[in-house]
Amino acid sequence: MIDNFSLGLTHFLMLLAVWRLLRRDDLDREAEPAKARVKRGRRPGA
């Protein structure tokens, strides 16, 4: 039988991970496409 502590702990850790992911600032911003960087004269990967 799986005890309630292990179930509660795993669910709490998953909830904590989701909460931290949703609070990230970069979640609301999109990255600049690679083609646009090349057109501006930047080297890819620089």
Residues forming a side-chain contact (heavy atoms from CB on, under 4.5 Å) with L22, sequence neighbours excluded: V18, L27

Pairs involving residues 8-23, ordered by first then second residue, that meet side chain to side chain donor-acceptor pair (under 3.5 Å) (sequence neighbours left out): none

Within one Ile-Leu-Val-Met-Phe-Trp-Tyr cluster: L13 and L21, side-chain cutoff 4.5 Å: no

Same apolar cluster: L7 and F12, side chain cutoff 4.5 Å: no

Gap separating the CG atom of D3 from the CG atom of L9, nearest 0.5 angstrom: 10.0 Å

